[in-house]
Amino acid sequence: MDRTDVRASDAGPIDPRVSDVRTIAQAVQGRLSADILFGRLAPDDRLRLEPLCESYAVGMSPMREALAQLVGRGLVIQDGQRGFRVAPISRRELDDITATRIRLESMALRDAIAHGDDTWEAQILATHHRLVRRPRTPELLVDEDWERRHRAFHLALIDACGSALLLGFCHDLHDRFDRYRRIAVQAAGRHPRVGANLHGAIVEAALARDAARAATLLERHIAEAAADIARMVAPRFPDTTPRRSARGTSLAETPARSAARSPSRRRTSGDARPRPSSQKGRPR
């Protein structure tokens with residue numbers, strides 16, 4: 001379904017005083033990414049340039065540049081001459097995002113624990129306090145305020161890692177992971193089920209400078225959330241059909257087809273019907 005009729009009132013017009021194309025493109029990229037991450041633009045939605053330019057009140061050049069930047073972030077794909085569309089979702093990509101996030105974020109957390117100072121500790125406590133004060137409710141499935149607080153907490157944990165490049169990768173992975181969580185919440189009508197008080201346990205371990213325990217708890221937290229998100233969004237995954245083996249046979253069909261090919265398995269399949277008398281003398 002084409003959902004590119006996002007109104008300028010929803011996206012917010014770009015300040016007309018800003019004339020630099022690149023600056024405008026950055027602003028448009030922020031609005032577009034928010035619309036994708038919060039589900040206002042759904043996976044596979046066609047992104048037609050003219051309606052988008054009208055909706056966001058910008059010209060063609062900054063819109064093209066903004067879309068190209070979102071291609072680099074993995075939120076938009078380009079279909080050759082067919083233009084742009086919102087990146088699709090798949091179980092394989094979610095698994096890849098989860099595994100990569102676990103590796104990089106746990107490494108960043110270990111480095112942050114090694115190098116963090118009093119300011120880092122205070123920021124962790126402050127962001128965790130703000131997150132605890134905003135619990136999720138069934139009445140508000142996609143809570144943008146909670147999303148901001150949750151993201152701020154996780155990024156505060158690793159902020160002292162000492163690597164701007166590593167932090168950038170973790171930011172991008174959060175974008176992609178959070179997109180799947182929001183899609184899952186909208187598809188299932190509930191929030192993901194994760195271990196109670198894991199956030200608090202991670203904070204305690206980090207402030208105690210127990211890097212091994214903090215990293216283990218963080219990895220568990222991400223893995224639990226990803227597993228439930230996968231269950232919640234499974235009906236919308238295009239790659240949940242049975243996989244086929246190298247011979248091209250569906251794994252779900254292998255037992256039945258093998259039984260049809262194997263005489264020994266035919267004899268032990270539990271078929272107790274008597275053989276016709278004309279076949280009694282045939283060699284087996």
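What you see below is based on every heavy atom in this structure, not just the backbone, and it leaves out hydrogens, waters and symmetry mates. Keep in mind the model is a prediction, meaning the values are calculated, not measured.
The neighbour count for Arg213 CZ, taken as heavy atoms of other residues, nucleotides or ligands under 6.0 Å away, does not exceed 12. Within 6.0 Å of CZ in Phe38 there are more than 12 heavy atoms belonging to other residues, nucleotides or ligands.
For residues 114-127, the set of pairs meeting the side chain to side chain donor-acceptor pair (under 3.5 Å) definition, not counting sequence neighbours, comprises Glu121-Arg209.
Of the inter-residue distances, the one linking Asp175 atom CG with Ile36 atom CD1 reads 10.0 Å to the nearest 0.5 angstrom. Taking CZ of Phe237 as the reference point, atom CG of Leu94 lies at 5.0 Å (rounded to 0.5 Å).
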message: side-chain contact (heavy atoms from CB on, under 4.5 Å), that's the test. Do Leu67 and Met63 meet it? Break it down for me.
response: CA-CA 6 Å; Leu67 290 171; Met63 179 59 69; 4.2 Å; yes
task: Would you please test Glu219 and Glu105 for side-chain contact (heavy atoms from CB on, under 4.5 Å) and show each step?
output: CA-CA 8 Å; Glu219 292 168 8; Glu105 204 164 324; over 6 Å; no
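Side-chain contact between Cys170 and Ile158 is present, with heavy atoms from C-beta onward closer than 4.5 Å. Taking 4.5 Å as the limit, some side-chain heavy atom of Pro88 sits within range of a side-chain heavy atom of Ile77. Under the 4.5 Å side-chain criterion, counting only non-hydrogen atoms from C-beta, Leu218 is in contact with His154.
Ion pairing of Asp145 with Arg149 is present here, as a side-chain N (NZ or NE/NH1/NH2) and a carboxylate O approach within less than 4.0 Å. The residues Glu147 and Arg181 are annotated as salt-bridged, a charged nitrogen and a carboxylate oxygen being separated by less than 4.0 angstrom. Under a 4.0 Å N-O distance rule, the pair Arg85/Asp79 qualifies as a salt bridge.
Partners of His191 under the ring-ring contact (aromatic ring centres under 6.0 Å, His included) rule, at least two apart in sequence or in another chain, do not exist in this structure. Taking the salt bridge (charged side-chain N to carboxylate O under 4.0 Å, His left out) definition, one finds that Glu65 meets it with Arg22, sequence neighbours left out.
Using a 30° and 60° split on the angle between ring planes, His199 and His221 fall in the perpendicular class, above 60°.
Between the side chain of Arg91 and the main chain of Val233, no donor-acceptor pair closer than 3.5 Å is present. Side-chain N or O atoms of Asp228 include none that pairs as donor or acceptor with a backbone N or O of Pro192 at under 3.5 Å.
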